[in-house]
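In what follows, chains carry the letters A, B, and so on, assigned in the order in which the sequence lines appear, proteins first and then strands, with residues in each chain numbered from 1.
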Amino acid sequence: MRRIIPIAVGITVLAVCLFSLGPANSPLSSITVSPRLVSVQRFPENELCAFDELASAGAPLPPENLLRAPRSASAIARSLTVGSSSAYAASQSSGAIADISRPPVRTIRDTYPTYTFVAVDNQHDEVVLQDNNLWSIRTFNRLENTPPGAPPSPPKRIIQGPKTDIQFNNGMYIDPKNGDIYSVETDTGDKVVVFDRTKQGDVEPNRILRVPHRGFSLAVDEDKQELYVGVQYPPQVPVYRKTASGDEKPLRSLQGESTRLSDAHGVALDTKKKLMFVNNWGHVSDYLTAGTGRFEDASISVYPLDVRGDAAPLRVIQGPKTQLNWPAAMSLDPDTGDLYVANDVGQSILVFKEMDKGNVAPSRVIKGSKTGLRYPTGVFVDAKNIEVWAANFGNATATVYPLSANGNVAPLRIIRSAPGGYEGLRFGKVEAVAYDSRREEYLVPN
Amino acid sequence: MTHPQIAAFARLAKENTPPTRTLIGQKTLISRTMHAFDYDAVHDEIVVNSPLAQAILIFRGGANGEEPPVRYIQGPHTQVVGTGYGALDAVTVDGVNNEIFLPVASNSVLVFDRTASGDVAPKRVLHGPDTQIQFPAPGDRGALPAVGVDPMHNLLIVPSRASLLIFDRNASGNAKPLRVIAGPKTELGGGKPHVYAPKGWIIATAARGAIGVWSINDNGDVPPRWRIPVTKITGMNVNGVEIDPVHKEIMVPTGNGNTVFTFSVSEIFD
């Protein structure tokens, strides 16, 4: 039967040795001497203590430290194949497990929000920000402005907590009549959650709609009361009744090779001209067929609003002149048909004309050191107030500009949720880490 | 996800410490769902999958910004296929023997030459009923696990369902595993196994949000030698593990907390 081994008396001597000799800034220095260091093997006491001191001083390490850098390829290969120490482990016939229950010595995380999306509630003069890091939805007054040097602006309301079902939510939609907040989860949540605008704290959504894995964006046709969900991969745009909930199936869906959807992200609708715009990152493959992967340039594909099945786009905006570089959310000016694109790595907001196609340059670009844009992934056209908002993934801010802005323009206002000048970690579900032993760096993917 | 970067942090980075560099943007060809990848210390390269485009990307070790890969493997001859739900989320490099290992849908491990580029066939494929490999099919909801390589003892460690299959590193075709760690006592968790070759330890995720340590010589229903109960300690989930033998530390990414923990575990490396 399995059992947990408490610390042995003999090992306690070793633990005291370790803790007392560790340098002040050693990770071990924060550990109190208590019965917690456990092992089923005896360690060579003197060698272990001495070895720790050597390691912290940068002294040469034993050859079995395979990842120590820098070392030549031949040296590493030699150490792996010649004269290494024994690999035989202790017998497990006893069925014992030794628990190592010490707290972590270091933690890498971002303690501030990471804003992915922004939308305005014109009925109540509020702006709502989606936070991908702390899993929250934060509501501010629309005219909130955080002065330089001031502490971060506190939100009026926060929806946050395990009951909310908010995780790595990204796309958001605010009902223009009642202010209901729609938000889609972009990882394993696989759902759209809908909250009454007045909700705050750790509260359950008013309703939940289950949608395909990797939902990224939301758009609504208020005339037809239909909810569009942009799904990254396998790329598709299912369309639901706006009030759908539970496991309700979509009314129709756009999906297939002819659609030219690829790692789909932002979705925007023009309900006047009956058009749907979808942007794509160009990662293409049929997940059912081996070896079908390929890379394309990023693009924006345009479809009839009622498109369904494996339908080809009406036209495609694509090519080096477009400046598209990981395009994220999109928002359309209903009066002019101008299409605003949050251009994440381009550090810009791109504006295209509604009938643009091919390798075309944007008609306007908001970009530059004065703009405050930092990896913008959310964009929202506030036609009532003639403004355009950006959610900046990189520095916990939302910035707002005149709708006609072009070039290196300063924002009209900034909502900041971190100290001034803060550079965020830009985490978004860190599921792996690799260690670069040459540079002593952690490589962390989203 | 919203922004699928690879961010580099100084080893001693703490809360709110910004990355020293990030690999980002259209030119990099990276995409979301990078759930296990490797740094090749021998050749100073980063080897990572591009899950949504059925590709393996190889970057300079010091790659930064919008830097394209130095080469990539992709195309009809590669036999690369993931799953619709989990994509193609894990890749492993053996810098000593110049090979890249890629688990793919429907019970196969593809092995490519490390220097391969373009539309190339794998140099060998581990696949067949005798292998006992059970990976999801393309239409299944599951994800693909990452494999571990021990170049010192010439072993390949393949997580499969609730087992660790230990093969000869050069196993090919319908080869049987040398040993199988499986059973209720093992507490296996299914994540990428790392081998600390000098001691013969397999370090991988374990059940109930823990990291466990087994031996490359284990066979059958054997419990881990050590267990670091990460969820019990931190309250957060566990998505994998990486090892730093020089500083005797392990690093644990926890996706749902957007956090990387570092634990000092000298007893495992001494």
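A salt bridge links Asp187(A) to Arg32(B): one of the charged nitrogens lies within less than 4.0 Å of a carboxylate oxygen. Using a 4.0 Å cut-off between charged nitrogen and carboxylate oxygen, Arg294(A) and Asp119(B) do not count as a salt-bridge pair.
Neither the backbone nor the side chain of Ser106(B) has a heavy atom closer than 4.5 Å to any heavy atom of chain A. Of the two parts of Gln5(B), the backbone and the side chain both hold a non-hydrogen atom closer than 4.5 Å to a non-hydrogen atom of chain A. In this structure, chain A has a heavy atom under 4.5 Å from the side chain of Ile233(B), while its backbone stays farther away. Proximity to chain A is absent for every atom of Ala210(B), based on heavy atoms less than 4.5 angstrom apart. For a residue to count as touching a neighbouring chain, one of its non-hydrogen atoms must lie under 4.5 Å from one of that chain's; by this rule Leu12(B) touches chain A with backbone and side chain alike. Contact of Asp44(B) with chain A is made through backbone and side chain together, with heavy-atom distances under 4.5 Å. Of the atoms belonging to Thr28(B), it is side-chain heavy atoms, and not backbone ones, that fall under 4.5 Å from chain A. Only the side chain of Pro19(B) comes within contact range of chain A, with heavy atoms under 4.5 Å apart. With a threshold of 4.5 angstrom between heavy atoms, Ala55(B) approaches chain A through side-chain atoms but not through N, CA, C or O. At a 4.5 Å heavy-atom cutoff, Phe269(B) makes no contact with chain A through either its backbone or its side chain.
A donor-acceptor contact closer than 3.5 angstrom links the side chains of Gln54(B) and Thr292(A).
Judged by distance alone, with hydrogens and angles left aside, the side-chain atoms of Ser285(A) form a donor-acceptor pair with the main-chain N or O of Leu52(B) at under 3.5 Å. Listed for the Glu431(A) side chain is no donor-acceptor partner under 3.5 Å among the backbone atoms of Asn239(B). The main-chain N or O of Asn16(B) is never found under 3.5 Å from a side-chain atom of Asp110(A) such that the two would form a donor-acceptor pair. No donor-acceptor pair under 3.5 Å is formed between the side chain of Arg102(A) and the backbone N or O of Phe263(B). With hydrogens and angles disregarded, a donor-acceptor distance shorter than 3.5 Å links the side chain of Gln26(B) to the backbone of Trp326(A). Side chain of Asn170(A) to backbone of Thr2(B): no donor-acceptor contact under 3.5 angstrom is found. Side chain of Arg214(A) to main chain of Tyr85(B): a donor-acceptor pair is present (N/O by atom type, distance under 3.5 Å, no hydrogens or angles). Side-chain atoms of His283(A) come within 3.5 Å of backbone atoms of Ile30(B) as a donor-acceptor pair (strictly under, hydrogens ignored).
Taken from OG1 in Thr20(B) to CD in Glu440(A), the straight-line distance is 12.0 Å, to the nearest 0.5 Å. Summarising the geometry, atom CG belonging to Leu425(A) is positioned 9.5 Å from atom OG1 belonging to Thr259(B); distances are rounded to the nearest 0.5 Å. Rounded to the nearest 0.5 angstrom, Asp436(A) CG and Asp40(B) CG are separated by 10.5 Å.
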Note to self: Does Asp244(B) form a side-chain hydrogen bond (donor to acceptor under 3.5 Å, both in side chains) with Tyr442(A)? I'd like the steps, not just the answer.
What the structure shows: CA-CA 10 Å; Asp244(B) 173 5; Tyr442(A) 293 5; 5.6 Å; no
Item checked: side-chain contact (heavy atoms from CB on, under 4.5 Å) between Arg439(A) and Tyr39(B), intermediate numbers included -> CA-CA 11 Å; Arg439(A) 297 169 185 80; Tyr39(B) 170 73; 3.6 Å; yes
Next item on the list: Take His194(B) and Tyr435(A) through the side-chain contact (heavy atoms from CB on, under 4.5 Å) test and state the conclusion after the steps.
Entry: CA-CA 12 Å; His194(B) 291 269; Tyr435(A) 185 57; over 6 Å; no
Note to self: Would Thr114(A) and His3(B) count as a side-chain contact (heavy atoms from CB on, under 4.5 Å) here? Give the steps.
What the structure shows: CA-CA 11 Å; Thr114(A) 300; His3(B) 180 94; over 6 Å; no
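Scanning all heavy atoms of the two residues, the minimum distance from Ala8(B) to Leu443(A) falls at CB-CD2, 3.8 Å.
The candidate with the highest count of non-hydrogen atom pairs below 4.5 Å against chain B, out of Trp135(A), Phe117(A), Phe216(A), is Trp135(A). Chain B forms more heavy-atom pairs under 4.5 Å with one residue of Ala298(A), Pro234(A), Ala329(A), Gly293(A) than with any other, namely Gly293(A). Among Ile108(A), Asn325(A), Asp286(A), the residue with the largest count of heavy-atom pairs under 4.5 Å with chain B is Ile108(A). When each of His35(B), Lys27(B), Arg141(B), Met34(B) is checked for heavy-atom pairs under 4.5 Å with chain A, His35(B) comes out on top. Taking chain A as the reference chain and counting heavy-atom pairs below 4.5 Å, the highest number among Leu23(B), Leu29(B), Val80(B), Ile24(B) is found for Leu29(B). Of the listed residues (Thr377(A), Val284(A), Asn132(A)), the greatest number of heavy-atom pairs within a distance under 4.5 Å of chain B belongs to Val284(A). Ranking Ala36(B), Gly82(B), Ser50(B) against chain A, the residue ahead of the rest is Ser50(B), based on heavy-atom pairs under 4.5 Å.
A search for ring pair (Phe, Tyr, Trp, His ring centres under 6.0 Å) contacts involving Tyr115(A) returns nothing, not counting sequence neighbours.
Ile97(A) has its side chain out of reach of Arg225(B): every pair of non-hydrogen atoms, C-beta onward, lies at least 4.5 Å apart. With contacts defined as side-chain heavy-atom distances shorter than 4.5 Å, the pair Tyr233(A)/Ser31(B) does not qualify. Between Arg11(B) and Arg106(A), some side-chain heavy-atom pair lies under the 4.5 Å cut-off. Taking 4.5 Å as the limit, some side-chain heavy atom of Phe295(A) sits within range of a side-chain heavy atom of Gln74(B). By the 4.5 Å heavy-atom criterion applied to side chains, Thr262(B) and Pro104(A) are not counted as neighbours.
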